[in-house]
Amino acid sequence: MDKFGKVSFIGFGLINSSLAHIFKLKKLANKTSAFSRRIETRDKIRSLNIVDIVNDDIEDSVKDSDLIVLGVPVGAMESVIKKILPYLKKGVIITDVGSIKKKLVDTLVPLLPKDVYFIPGHPIAGTEKSGPESGFPELFNGRWCILTPYSDTSQKARDKIKFMWEQAGMKVAIMDAEYHDRVLAITSHIPHLVAFSIVGTVTELEDQLKTEVIKYSAGGFRDFTRIAASDPVMWRDVFLNNSDAVLEMLGRFIEDLTALQKSIRWQDGESLEKLFIKTREIRKGIISEEQD
Ligand code: NAP
């Protein structure tokens with residue numbers, strides 16, 4: 001596959017900076033440019049030396065670009081698209097890395113002219129860290145990237161984005177946007193919500209108990225704190241924009257939690273053990289798929 005012409009990274013945090021590392025390492029583009037809204041972030045990007053140019057204006061970054069990768073929080077995608085719309089080159093491919101897909105497709109597609117090709121994407125890889133300095137090229141290695149093209153998406157543009165993520169070491173799957181959001185609600189969004197909730201409960205405890213929890217956190221709580229340290233804006237936007245799927249899965253989760261509560265109250269060890277045996281199997285499955 002041919003390499004890319006000019007690539008513009010709009011928003012430059014963990015995900016786009018990691019991808020920019022790949023572009024640099026593999027020389028995937030003739031020219032790379034980045035834009036981020038705050039001057040402090042742009043200064044950080046300049047000091048990292050991962051892209052050819054860091055633009056102070058979004059217009060300068062996107063004009064003449066053959067590929068634009070949107071790496072901003074989901075709630076900011078629409079306003080970014082509206083800003084760049086007047087400067088888009090005919091035939092440009094736009095992709096995004098947002099964690100939810102249906103609402104983005106529904107909102108962004110009607111805004112775009114016919115000669116602009118939009119390929120919605122979600123690399124399922126991340127850490128709890130944010131910002132351009134937290135990116136690293138191995139982030140995507142061996143993980144899945146889900147593309148959710150819609151009915152009139154160009155096959156050529158889709159292949160190009162598939163190629164890009166494969167260069168980053170990802171396995172690429174094609175999925176319907178709504179289905180993607182339901183899958184991610186249970187694999188990612190609910191687990192994050194549980195972590196935010198448990199760690200939130202600790203913030204309400206009286207001081208003495210809180211100190212003990214932090215001191216003895218290795219008993220499980222510590223793992224929740226890592227997840228609950230994820231970017232607040234990104235996660236706010238995920239829950240606001242995937243509310244239907246999250247509320248549906250949350251309903252199921254609460255029912256199952258209530259069943260566990262009952263088993264404990266009734267001293268029903270058999271039910272508890274049966275469930276814990278089943279959950280162990282899920283972990284084994286993840287390990288055998290090399291997704292641990
Ligand atoms: P990040 O490290 O927090 O960086 C966010 C970037 O977006 C920064 O360049 C920031 O600019 C910019 N930004 C924030 N709010 C904005 C706004 N209102 N308008 C315009 N720009 C704004 O984010 P990230 O973790 O790379 O996530 C980026 C996207 O990837 C999100 O849509 C997220 O859902 C998705 N994603 C994240 C993960 C993950 O684990 N982190 C995994 C997969 C997908 P300034 O710094 O200049 O303010």
Side-chain angles (χ1 to χ4, degrees), residues 8-22 33-48 50-51 54-59 61-62 68-84 94-105 107-108 120-141 143-148 161 164-165 168 170 172-173 177 180-181 183-185 187-189 191-192 195-196 226-242 245-246 291:
S8 167
F9 297 99
I10 301 298
F12 207 83
L14 170 73
I15 302 294
N16 260 358
S17 64
S18 298
L19 186 59
H21 274 291
I22 303 286
S33 99
F35 171 82
S36 194
R37 63 179 175 164
R38 286 183 304 141
I39 188 159
E40 296 91 327
T41 307
R42 297 199 295 272
D43 286 344
K44 269 189 209 158
I45 308 171
R46 286 190 180 100
S47 70
L48 292 169
I50 334 174
V51 286
V54 181
N55 293 106
D56 290 320
D57 281 314
I58 198 165
E59 170 187 347
S61 183
V62 298
I68 297 170
V69 188
L70 304 175
V72 297
V74 164
M77 296 274 183
E78 183 180 358
S79 71
V80 166
I81 282 280
K82 284 181 173 163
K83 268 185 208 141
I84 64 176
I94 301 182
T95 190
D96 76 296
V97 298
S99 307
I100 64 106
K101 297 271 64 87
K102 172 83 170 89
K103 202 157 175 197
L104 277 184
V105 172
T107 314
L108 304 187
H122 178 202
I124 306 178
T127 72
E128 69 284 10
K129 306 221 171 75
S130 311
E133 68 284 12
S134 54
F136 57 101
E138 298 81 14
L139 176 68
F140 307 111
N141 211 10
R143 304 281 167 215
W144 282 96
C145 178
I146 299 180
L147 303 182
T148 64
I161 297 303
M164 177 184 87
W165 288 116
M170 299 199 96
V172 178
H180 162 278
D181 290 357
V183 171
L184 268 291
T187 57
S188 169
H189 307 167
H192 274 80
F196 289 129
R226 186 187 60 73
I227 299 174
S230 299
D231 187 69
V233 172
M234 170 188 154
W235 283 97
R236 177 201 67 191
D237 284 0
V238 166
F239 292 116
L240 294 181
N241 289 283
N242 195 23
V246 167
Q291 295 299 308

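Both ligands and their constituent atoms are indexed starting at 1 by order of listing. Every value quoted in this text rests on a predicted model; they were computed, and no experiment measured them.
Contacts between Met234 and ligand 1 below 4.0 angstrom, taking non-hydrogen atoms only, involve the side chain exclusively. Counting heavy atoms closer than 4.0 Å to ligand 1, residue Pro132 contributes nothing at all. Of all the heavy atoms of Pro73, the ones lying under 4.0 Å from any atom of ligand 1 are found in both the backbone and the side chain. No part of Ser134 comes within 4.0 Å of ligand 1, judged by heavy-atom distances. When non-hydrogen atoms are compared, ligand 1 lies under 4.0 Å from the side chain of His122 (C-beta onward) but not from its backbone. By the criterion of a heavy-atom distance under 4.0 Å, neither the backbone nor the side chain of Val233 is placed next to ligand 1.
Any N or O atom pair closer than 3.5 Å counts here, and Thr41 shares at least one such pair with ligand 1. Close N/O approach between Val72 and ligand 1 is found [any backbone or side-chain N/O within under 3.5 Å]. In terms of N/O distances under 3.5 Å, ligand 1 is not approached by Val80. Considering both main-chain and side-chain atoms, Leu14 comes within under 3.5 Å of ligand 1 through a nitrogen or oxygen pair. Not a single N or O atom of Lys129, backbone or side chain, sits closer than 3.5 Å to an N or O atom of ligand 1.
Closest to atom 42 (C) of ligand 1, if we only count protein heavy atoms, is Ala125 O, 3.1 Å. With respect to atom 40 (O) of ligand 1, the closest heavy atom belonging to the protein is Gly126 CA, 3.3 Å. With respect to atom 3 (O) of ligand 1, the closest heavy atom belonging to the protein is Ser130 CB, 3.6 Å. Closest to atom 22 (C) of ligand 1 among all protein heavy atoms lies Arg37 NE, 3.5 Å. Closest to atom 11 (O) of ligand 1 among all protein heavy atoms lies Ser36 OG, 3.0 Å. The protein heavy atom nearest to atom 19 (N) of ligand 1 is Ala76 CB, 3.5 Å. Of all protein heavy atoms, the one closest to atom 43 (C) of ligand 1 is Pro123 O, 3.2 Å. Taking atom 35 (C) of ligand 1 as the reference point, the nearest protein heavy-atom neighbour is Val97 O, 3.2 Å.
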**Asked** Under the side-chain contact (heavy atoms from CB on, under 4.5 Å) criterion, do His192 and Ser230 qualify, and how do the steps go?
**Response** CA-CA 9 Å; His192 274 80; Ser230 299; 3.7 Å; yes
**Request:** Would you please test Thr127 and Phe136 for side-chain contact (heavy atoms from CB on, under 4.5 Å) and show each step?
**Result:** CA-CA 11 Å; Thr127 72; Phe136 57 101; 4.0 Å; yes
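Close approach of ligand 1 to Gly98 is summarised as follows: ligand atoms under 4.0 Å from at least one heavy atom of the residue are 32 (O). Here is the list of ligand 1 atoms found below 4.0 Å of a heavy atom in Gly131: 1 (P), 2 (O). Listed by number with element, the atoms of ligand 1 under 4.0 angstrom from any heavy atom of Val74 are 32 (O).
Contact check on Asp43 versus Arg38 returns no salt bridge, with no Lys/Arg side-chain nitrogen under 4.0 Å from an Asp/Glu carboxylate oxygen. A salt bridge does not link Asp57 to Arg42: none of the charged side-chain nitrogens sits closer than 4.0 Å to a carboxylate oxygen. Salt bridge status for Lys82 with Glu78: present, with a side-chain N to carboxylate O gap under 4.0 Å.
Between the side chain of Lys101 and the backbone N or O of Gly121 there is at least one donor-acceptor pair closer than 3.5 Å. Side-chain N or O atoms of Asp181 include one that pairs as donor or acceptor with a backbone N or O of Lys102 at under 3.5 Å. A donor-acceptor contact shorter than 3.5 Å is absent between the side chain of Asp231 and the backbone of Glu128.
Look at Thr127 and you'll find a heavy atom under 4.0 Å from some atom of ligand 1.
Nearest-heavy-atom check against atom 36 (N) of ligand 1 across Gly71, Gly11, Ser99, Gly13 picks out Ser99. Nearest to atom 27 (O) of ligand 1 by heavy-atom distance, out of Ile15, Ile10, Leu104, is Ile15.
Residues Ile15 and Phe140 approach most closely at O-CZ, 3.7 Å, considering heavy atoms. Between Asp96 and Pro120, the shortest heavy-atom distance links the atoms OD1-CA, 3.2 Å. Scanning both residues, Asp237 and Ala76, for their nearest heavy atoms gives OD2-N, 4.2 Å. The shortest non-hydrogen separation linking Gly131 to Ser17 is O-OG, 4.2 Å.
Between Phe239 and His189, the two ring planes are perpendicular [angle over 60°; tilted spans 30° to 60°].
For Val51, the side chain to side chain contact (heavy atoms under 4.5 Å, CB included) partners two or more places apart in sequence, or in a different chain, are Phe9, Phe12, Ala20, Thr32, Ala34, Ile45, Val54.
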